[in-house]
2 protein chains.
Amino acid sequence: MDAQPGRSVTSKVLALLDAFTPASPALTLSELARRAELPLPTASRRVAELVAWGALERGDDGRYRIGLRLWEVGSLAPRGLGLRELALPTMEDLYEVTHENVQLAVRQDVELVFIERIAGRHAVPVLTRVGGRFALHATGVGLVLLAYAPAEVQEQVLAAPLERYTPLTITEPGRLRRGLAEVRRTGYAVSDRQVTMDALSVAAPICGPEGSVVAAISLVVAHHRADPVALAPLVQAAGRTISRSLGTSYGPRGSVG
Amino acid sequence: MDAQPGRSVTSKVLALLDAFTPASPALTLSELARRAELPLPTASRRVAELVAWGALERGDDGRYRIGLRLWEVGSLAPRGLGLRELALPTMEDLYEVTHENVQLAVRQDVELVFIERIAGRHAVPVLTRVGGRFALHATGVGLVLLAYAPAEVQEQVLAAPLERYTPLTITEPGRLRRGLAEVRRTGYAVSDRQVTMDALSVAAPICGPEGSVVAAISLVVAHHRADPVALAPLVQAAGRTISRSLGTSYGPRGSVG
DNA sequence: CACGGCCTTTCACTCAGTGAAACCGGAACT
DNA sequence: AGTTCCGGTTTCACTGAGTGAAAGGCCGTG
């Protein structure tokens with residue numbers, strides 16, 4: 001016990017899981033130990049238990065990877081699978097009509113998590129990943145999720161520095177605040193070259209049974225052939241359809257006037 | 001320490017996660033403690049840590065659910081997300097052509113796990129679930145995965161009693177063995193009313209770079225309007241397409257003659 | 001055959017984890 | 001307003017699960 005005296009076993013186990021990222025999905029024991037800030041023997045023992053359970057798998061190369069078992073359990077997350085399952089048919093419809101990228105995301109604290117994505121073969125390549133996180137202030141889905149988020153979340157995002165992804169990214173809190181008001185007024189969000197210079201996205205809210213916004217759906221299209229105003233009704237209709245299948249009478253209730 | 005003396009903390013934590021099932025995705029602390037066979041105070045403490053990390057979430061109703069964070073980490077499972085991501089476009093193509101259920105599954109020990117599913121709006125309702133497990137001896141994907149599984153896995157399945165789902169389910173080891181040989185010969189599997197009396201599925205293998213079968217794809221259609229022989233080439237083509245995108249020269253190498 | 005990288009096991013120590021019991025607070029009776 | 005039940009949390013003294021330094025495999029490789 002040197003690094004953090006009194007570190008719980010549970011936190012160590014979770015730190016081991018945290019060591020895996022999209023950029024490094026396969027790690028040797030040494031790498032794992034270093035990332036989790038654990039002595040090697042400790043890592044060895046905990047990892048052995050995780051492998052026995054199926055949370056991790058050891059490949060032929062000796063490296064450890066996240067195991068299917070963990071994915072299985074994770075699939076029980078109601079906001080993950082439940083929503084996904086309900087939304088997928090509608091997302092497919094939207095894809096069949098537009099043949100553009102369709103994305104589904106939920107808010108997790110001050111970030112968003114992509115729940116599902118239909119990547120069109122001929123659509124703009126998007127750099128997002130299902131299961132991946134992203135800031136709320138740039139993407140279409142992010143703007144929708146932020147616009148209908150609790151006031152404290154909005155303030156937290158507006159107070160922190162807004163990361164810039166392109167020369168056009170809105171990084172000024174005042175402009176973002178006005179943008180969010182506009183989203184609530186129109187009921188959809190447009191993110192024009194905010195994340196990459198070739199993409200534009202149009203997003204709409206998805207509401208749960210109590211009327212709160214639980215997710216957002218978006219179309220991501222090439223910026224040059226985009227007509228946000230024409231796309232918005234399509235995305236909004238999809239959002240309404242999914243909301244309805246969640247058992248709600250549609251109508252997002254904003255939290256901030 | 002009474003129940004199992006010497007039970008590791010890690011195993012307790014994992015037991016808590018195990019308590020969640022598709023049938024009971026939301027549990028009170030007491031239920032959790034009971035299922036994990038832990039005293040309530042212990043469960044309370046471990047659960048608190050899991051919630052802090054995001055593995056679990058506590059709903060408004062006080063019940064605990066699997067959290068998004070766990071789903072996020074689980075999404076890093078290479079056989080989960082990696083395959084899914086690669087296969088989805090092809091699955092969509094197959095869906096657009098047939099408008100039937102398309103399923104993707106991998107083998108996990110002596111069972112299969114559904115990785116992805118496109119549920120057609122007007123297709124037969126299937127009772128399977130993404131992230132769910134199933135026996136290998138009944139479904140189309142199961143037969144494919146079993147036919148190309150290592151010999152010891154096949155023997156293990158053939159040795160155990162084969163569960164019956166319908167009057168037509170093959171439960172006799174000899175017949176199953178012959179069926180598997182037929183799958184290897186033709187390169188696809190047909191499961192006719194083996195799981196439910198109204199559905200039939202046609203499945204084909206997906207091969208990894210080294211030629212081993214890593215997954216299976218299937219179409220599930222209503223039994224009465226099914227023409228397996230006509231569907232097989234479609235499914236096989238989809239399997240080949242996905243195999244190719246996995247970076248392989250197609251050709252499943254069977255393990256058992 | 002010595003060296004280094006990588007991982008597992010040994011061993012004596014000790015503090016994180018433990019569970020019985022007490023405590024808390026809300027809901028449901030009386 | 002008092003009592004009991006129920007679900008959950010906290011206290012407290014005890015103890016064995018977890019620990020890490022060191023030693024021990026087990027490869028490839030120079």
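None of the values given here were measured: they were computed from a predicted structure. Below, all heavy atoms of this structure are taken into account, side chains as well, without hydrogens, waters or symmetry copies. Chain A is the first sequence line, chain B the second, and so forth, proteins listed ahead of strands; every chain is numbered from 1.
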Please tabulate, one pair per line, all N/O donor-acceptor pairs under 3.5 Å involving side-chain atoms of residues 134-145 of chain A, not counting sequence neighbours.
| from | atom 1 | to | atom 2 | distance (Å) |
| --- | --- | --- | --- | --- |
| A/His137 | NE2 | A/Glu163 | N | 3.4 |
| A/His137 | NE2 | A/Glu163 | O | 2.7 |
| A/Thr139 | OG1 | A/Gly142 | N | 2.9 |

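Side-chain contact between B/Glu116 and B/Met91 is present, with heavy atoms from C-beta onward closer than 4.5 Å. Put simply, the side chain of B/Leu176 reaches to within 4.5 Å of the side chain of B/Leu146, judged on heavy atoms.
Listed by chain and number, the residues in a side chain to side chain donor-acceptor pair (under 3.5 Å) with B/Ser30 amount to none (sequence neighbours excluded). Partners of B/Asp109 according to the side chain to side chain donor-acceptor pair (under 3.5 Å) rule, which considers only residues two or more places apart in sequence or in another chain, do not exist here.
If you measure from atom CZ of A/Arg58 to atom P of C/dC7, you get 6 Å, rounded to the nearest angstrom. Rounding to whole angstrom units, CG of residue B/Leu16 and C1' of C/dG17 are separated by 14 Å. Here D/dG8 presents its P atom at 10 Å from CG of B/Asp61, a figure rounded to the nearest Å. Look at CG on B/Leu40: it is 11 Å from P on C/dG19, rounded to the nearest Å.
Listed in residue order, the members of residues 25-36 of chain B having a heavy atom less than 4.0 Å from DNA chain D are B/Thr28, B/Leu29, B/Ser30. Within residues 45-52 of chain A, the residues approached by DNA chain D to less than 4.0 Å at the level of any non-hydrogen atom are A/Arg45, A/Arg46, in residue-number order.
A salt bridge between B/Arg117 and A/Glu85 is present, with a side-chain N of the basic residue lying under 4.0 Å from a carboxylate O of the acidic one. With respect to A/Glu155 and A/Arg177, a salt bridge is recorded, a charged nitrogen being found less than 4.0 Å from a carboxylate O.
Using a 4.0 Å heavy-atom criterion, one finds that A/Pro41 contacts the bases of the nucleic acid, with or without backbone contacts as well. Heavy atoms of B/Arg63 sit nowhere under 4.0 angstrom from any nucleic acid atom.
Closest approach of A/Ala105 to A/Phe114, counting heavy atoms only: CB-CD2, 4.0 Å. Considering every non-hydrogen atom in both A/Val183 and A/Ala147, the closest pair reads CG1-CB, 3.7 Å.
Comparing the local axis fitted to the first five base pairs of the helix from C/dC1-D/dG30 to C/dT30-D/dA1 with the one fitted to its last five gives a bend of 30°, rounded to 10°.
A donor atom on one side chain and an acceptor atom on the other are not found under 3.5 Å apart for B/Ser11 and A/Glu49. Using a 3.5 Å distance cut-off with no hydrogens or angles, the side chains of B/Gln108 and B/Arg79 do pair a donor with an acceptor.
In this model, the phosphate group of D/dA17 is not approached by any side-chain N or O of B/Lys12 to a distance below 4.0 Å at OP1 or OP2. At C/dA16, none of the side-chain N or O atoms of A/Ser8 fall inside 4.0 Å of OP1 or OP2 (strictly under the cut-off).
Toward the 5' end of DNA chain C, the nearer of the two residues A/Tyr64 and A/Val9, judged by each one's closest nucleotide, is A/Tyr64.
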